[in-house]
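Here is the structure we will look at, set down as structure tokens.
The analysis underlying the following values was restricted to heavy atoms, covering all of them including side chains, and did not include hydrogens, waters or symmetry mates. Convention: sequence-line order gives letters A, B, ...; per-chain numbering from 1.
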There are 4 protein chains.
Amino acid sequence: MTTPQSPRSDTRARIIDVALELFAEHGYEKTSLREIADRLGVTKAALYYHFKTKDDIVRGIVEKMAAPLDDAIAFGEGKDWSPELRDELLRRFAAGMGERAPLLRFFHENQPALRESAAGLAFKERMIKMITLLHGPEPTFRDKLRATVALTSMHSAMFLLKADLCGPGRESADSASVSADEAMEAALEVALEVAAHIEPPAH
Amino acid sequence: MTTPQSPRSDTRARIIDVALELFAEHGYEKTSLREIADRLGVTKAALYYHFKTKDDIVRGIVEKMAAPLDDAIAFGEGKDWSPELRDELLRRFAAGMGERAPLLRFFHENQPALRESAAGLAFKERMIKMITLLHGPEPTFRDKLRATVALTSMHSAMFLLKADLCGPGRESADSASVSADEAMEAALEVALEVAAHIEPPAH
Amino acid sequence: MTTPQSPRSDTRARIIDVALELFAEHGYEKTSLREIADRLGVTKAALYYHFKTKDDIVRGIVEKMAAPLDDAIAFGEGKDWSPELRDELLRRFAAGMGERAPLLRFFHENQPALRESAAGLAFKERMIKMITLLHGPEPTFRDKLRATVALTSMHSAMFLLKADLCGPGRESADSASVSADEAMEAALEVALEVAAHIEPPAH
Amino acid sequence: MTTPQSPRSDTRARIIDVALELFAEHGYEKTSLREIADRLGVTKAALYYHFKTKDDIVRGIVEKMAAPLDDAIAFGEGKDWSPELRDELLRRFAAGMGERAPLLRFFHENQPALRESAAGLAFKERMIKMITLLHGPEPTFRDKLRATVALTSMHSAMFLLKADLCGPGRESADSASVSADEAMEAALEVALEVAAHIEPPAH
DNA sequence: CATGAATGAGTCTTCATTCAT
DNA sequence: GATGAATGAAGACTCATTCAT
């Protein structure tokens with residue numbers, strides 16, 4: 001069903017890339033199909049050859065970019081919960097999403113739009129699945145929250161990265177020189193810290 | 001005729017309340033001035049009597065709702081950093097923002113719109129200030145990130161709260177029964193956990 | 001009917017002055033009552049105390065400013081046409097309107113608005129009356145046209161005056177230094193030149 | 001279905017024609033895009049397919065209609081000034097603009113709107129260029145004014161034509177029967193009269 | 001595969017005007 | 001004499017979407 005018989009055309013893939021970039025940067029609502037089309041050098045109508053609707057582009061984005069998340073979920077599902085599993089899940093999530101930062105940004109910063117979108121909800125389902133895998137069985141609300149917060153640390157790291165650039169004269173010696181990769185590394189560490197507090201039932 | 005409670009029309013205040021409610025629920029872009037006006041039983045033009053522009057309503061929201069944040073900042077500013085100060089700041093932030101959850105939701109879930117808004121940026125500045133007070137002097141990037149993540153825990157708690165309600169058949173015994181207040185309490189605890197890892201320079 | 005029993009309030013007069021200034025500068029349509037009110041330091045509603053409607057302000061302008069025109073018309077009416085009368089009429093028109101340049105500008109540059117305005121038509125009537133007095137009895141179309149063109153020379157002079165300021169690098173030695181008064185003088189001369197060609201019936 | 005006359009839609013051209021007609025008749029500000037669209041039997045949005053903005057329609061009008069003016073300017077530019085050149089320029093201007101009377105009307109009667117329009121200023125530049133060609137080198141202010149007044153005679157003729165029709169009971173025997181063509185002829189003659197007074201430097 | 005042309009619904013915004021106080 | 005609050009109508013403009021070619 002998801003495996004196409006042919007490369008599905010280059011344009012389709014380019015639309016997805018450009019759309020995600022713009023959605024992450026300017027937001028879903030503020031990004032018009034014309035902008036996407038213009039940046040690709042095609043007409044709006046061309047987009048409609050590849051996608052039935054604007055929301056369908058989101059579906060395309062999710063389908064293409066959520067693979068690492070699905071892999072992590074597949075890896076965790078069925079296995080018994082353990083601190084090691086928990087940490088491995090976070091590592092896989094970080095590895096997969098670190099390179100797909102725009103997707104996370106899009107997800108976190110466009111909830112209102114995504115809430116009304118089938119594709120958006122599908123991605124949210126995955127995030128929630130990931131959360132449940134992280135906190136394991138019989139979680140307290142606190143545990144659920146720790147799992148959730150751990151998953152958001154990546155996005156927070158990006159927020160910080162952008163914020164430091166704009167803020168006037170607030171560049172402490174070290175943080176100004178942090179690269180995106182280093183930021184993601186730090187995000188994983190902090191995520192592990194948070195998750196470490198998750199207390200499994202003492203069976 | 002419509003029972004005016006106070007001599008000076010309270011319409012302005014009502015606009016702010018309704019607008020924040022709708023902005024948080026449906027998003028800034030998806031909330032039209034017509035919706036706000038309708039829910040208030042006035043015409044769109046009435047909104048323009050009180051606010052020069054849609055974005056100006058955001059400014060109004062921030063000005064009215066950011067007071068607790070400002071108080072917390074004022075409390076922390078000038079004081080020497082200490083773990084106690086850090087925790088007290090978080091407590092004050094939680095106390096102030098817990099009751100203003102919609103504001104936080106609006107802030108986190110509408111970044112694209114807020115990025116292009118003077119009022120939005122003003123609020124962001126406050127959040128960043130709060131972050132710097134939390135991590136104290138000479139922070140590592142990790143410390144900054146911990147401060148940031150701590151501040152987001154409140155919003156994550158709300159995300160969880162909503163997610164549990166909507167998600168189909170995923171109500172684990174305890175979390176379904178968590179009240180908003182309990183959630184905020186948990187959020188504060190997790191925030192304190194995260195912030196506890198902040199390592200001050202060993203002067 | 002036009003003679004008020006009292007100074008009619010200072011505000012009324014100030015409204016008229018400011019309105020004409022703005023109407024001439026930015027045009028009738030582009031000038032909002034708010035602009036007029038703001039510049040006067042009063043509220044829009046205050047304007048409505050003095051004038052029933054926006055168009056009524058135009059009526060006020062005409063009533064206050066058209067006096068010199070009426071004087072010239074009164075002077076010419078009833079008298080037998082002669083080249084001397086014609087020239088004297090032009091001189092009086094020039095003397096009266098030179099100081100009321102904004103009125104002429106308003107009239108010439110806002111025809112579309114004035115065409116739909118009772119007050120505007122009233123002023124137009126006066127201009128047409130002036131034209132008929134200028135060309136005298138049994139005019140050819142050419143004569144009428146000469147009279148018309150003569151009356152427009154004042155406005156053309158103002159057009160030139162403004163145009164020279166903006167045009168990039170087009171300031172020939174003499175014209176750049178022309179004052180408004182000199183321009184009006186020149187306008188009268190050219191008007192007399194044009195009118196001189198009017199050929200009266202050789203009775 | 002609606003009999004498309006030419007392969008490439010002629011809608012753009014029709015918009016320009018209808019828009020100029022309405023702009024000249026009711027004024028730029030008072031003409032809404034809905035009116036233009038309605039008269040063409042299309043929707044407002046269709047206008048926006050062809051023109052980015054209302055002002056862009058003006059640009060379209062000028063680009064399409066100013067050709068004769070450009071031709072006259074091209075003819076005059078570079079040539080040494082002489083009374084013959086001056087008169088030939090006027091003749092060409094009259095020939096070109098006589099058929100485009102609405103454009104002149106639009107220009108003269110909508111200055112406030114045109115002053116704020118790039119397209120409007122572009123046309124004004126041409127008019128000013130035409131003026132400078134007419135008066136030749138080292139003009140006195142009077143000469144410039146004569147050139148200006150000469151160019152306005154066409155518009156004054158139209159003013160007269162319309163005035164006679166509307167004015168109540170003021171139709172002198174001959175002028176009522178003047179056709180548009182005759183009026184333009186008269187306008188050219190008067191223009192030549194005015195321009196004849198231009199005094200070139202006695203080099 | 002893709003475009004050119006067009007639509008319908010809706011957005012923010014502005015304005016002249018009104019009226020109780 | 002004047003204001004504060006509000007309205008109704010309208011305006012320019014944008015956008016996702018459609019469809020014949």
Side-chain angles (χ1 to χ4, degrees), chain A residues 8-12 28-37 40-57, chain B residues 1-2 4 7-12 15 29-37 40-57, chain C residues 8-12 28-37 40-57, chain D residues 1-2 4 7-12 15 29-37 40-57:
Chain A
R8 274 247 219 171
S9 103
D10 180 38
T11 304
R12 208 191 123 91
Y28 177 79
E29 314 278 3
K30 270 283 180 72
T31 303
S32 70
L33 295 187
R34 188 172 58 60
E35 270 174 286
I36 298 175
L40 284 167
V42 297
T43 50
K44 263 187 302 176
L47 304 186
Y48 278 88
Y49 179 82
H50 295 282
F51 299 93
K52 277 214 299 280
T53 166
K54 192 183 181 186
D55 189 75
D56 204 40
I57 298 183
Chain B
M1 206 157 247
T2 40
R8 297 261 186 75
S9 145
D10 63 337
T11 304
R12 207 193 123 92
I15 292 173
E29 316 276 4
K30 270 284 179 70
T31 303
S32 71
L33 296 185
R34 188 177 56 65
E35 269 174 290
I36 299 176
L40 284 167
V42 298
T43 54
K44 268 184 297 174
L47 305 187
Y48 278 92
Y49 177 77
H50 295 281
F51 299 93
K52 279 208 300 283
T53 200
K54 192 184 180 185
D55 189 79
D56 203 41
I57 299 183
Chain C
R8 274 248 219 170
S9 101
D10 179 38
T11 304
R12 208 190 122 93
Y28 177 79
E29 314 277 4
K30 272 282 181 75
T31 303
S32 70
L33 294 187
R34 188 173 57 63
E35 270 174 286
I36 298 174
L40 283 166
V42 297
T43 51
K44 264 186 302 175
L47 303 187
Y48 278 88
Y49 179 82
H50 296 281
F51 298 93
K52 275 214 302 279
T53 167
K54 191 182 181 187
D55 190 74
D56 204 41
I57 298 182
Chain D
M1 206 157 250
T2 40
R8 299 262 185 76
S9 143
D10 63 336
T11 305
R12 207 192 124 93
I15 292 173
E29 315 276 5
K30 271 284 179 72
T31 303
S32 70
L33 294 185
R34 189 178 56 65
E35 269 174 289
I36 299 177
L40 284 167
V42 297
T43 54
K44 267 185 299 175
L47 304 187
Y48 280 92
Y49 178 78
H50 295 281
F51 299 92
K52 277 208 301 283
T53 203
K54 192 183 181 187
D55 189 80
D56 202 40
I57 298 182

For a side-chain contact (heavy atoms from CB on, under 4.5 Å) check, start with the C-alpha distance between I15(D) and V42(D), then their side-chain angles and the critical distance, and finish with the verdict.
CA-CA 10 Å; I15(D) 292 173; V42(D) 297; 5.8 Å; no
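The distance from atom CG of L47(A) to atom OG1 of T11(A), rounded to the nearest 0.5 Å, is 10.0 Å. Rounding to the nearest 0.5 angstrom, the gap separating the CG atom in D10(B) from the CZ atom in R12(B) is 12.0 Å.
Y48(A) approaches T53(A) most closely through the heavy-atom pair CE2-CA, 4.3 Å. Taking each heavy atom of F51(C) and I57(C) in turn, the nearest pair found is CG-CG1, 3.6 Å. The minimum heavy-atom distance linking K54(D) with T31(D) is given by the pair NZ-O, 2.9 Å.
The phosphate of dA6(F) has OP1 or OP2 within less than 4.0 Å of a side-chain N or O from H50(B). Between T11(D) and dA5(E) there is no side-chain polar atom (N or O) within less than 4.0 angstrom of OP1 or OP2. Taking only side-chain nitrogens and oxygens, Y49(D) comes nearer than 4.0 Å to OP1 or OP2 of dA5(E).
Going from atom CZ of R12(D) over to atom C1' of dG4(E) covers 14 Å, rounded to whole Å. The CG atom of L47(C) sits 13 Å away from the P atom of dG4(F) (whole-angstrom rounding). The distance between atom CZ of F51(C) and atom C1' of dA2(F), rounded to the nearest whole Å, is 15 Å.
Stacking of K30(B) on the aromatic ring of Y28(A) is not recorded, the 6.0 Å distance cut-off and the 45° axial limit not both being met.
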Dot-bracket for DNA chain E, 5' to 3', counting Watson-Crick or G-U wobble pairs under 3.5 Å, with [ ] for crossing pairs and | for inter-strand pairs?
.||||||||||||||||||||
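Among the nucleotides dA5(F), dT7(E), dA6(E), the one closest to any side-chain atom of T43(D) is dT7(E).
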Report, as a single string ordered 5' to 3', how protein heavy atoms within less than 4.0 Å touch nucleotides 10-17 of chain E: B base, S sugar-phosphate only, - not at all.
BSBBBBBB
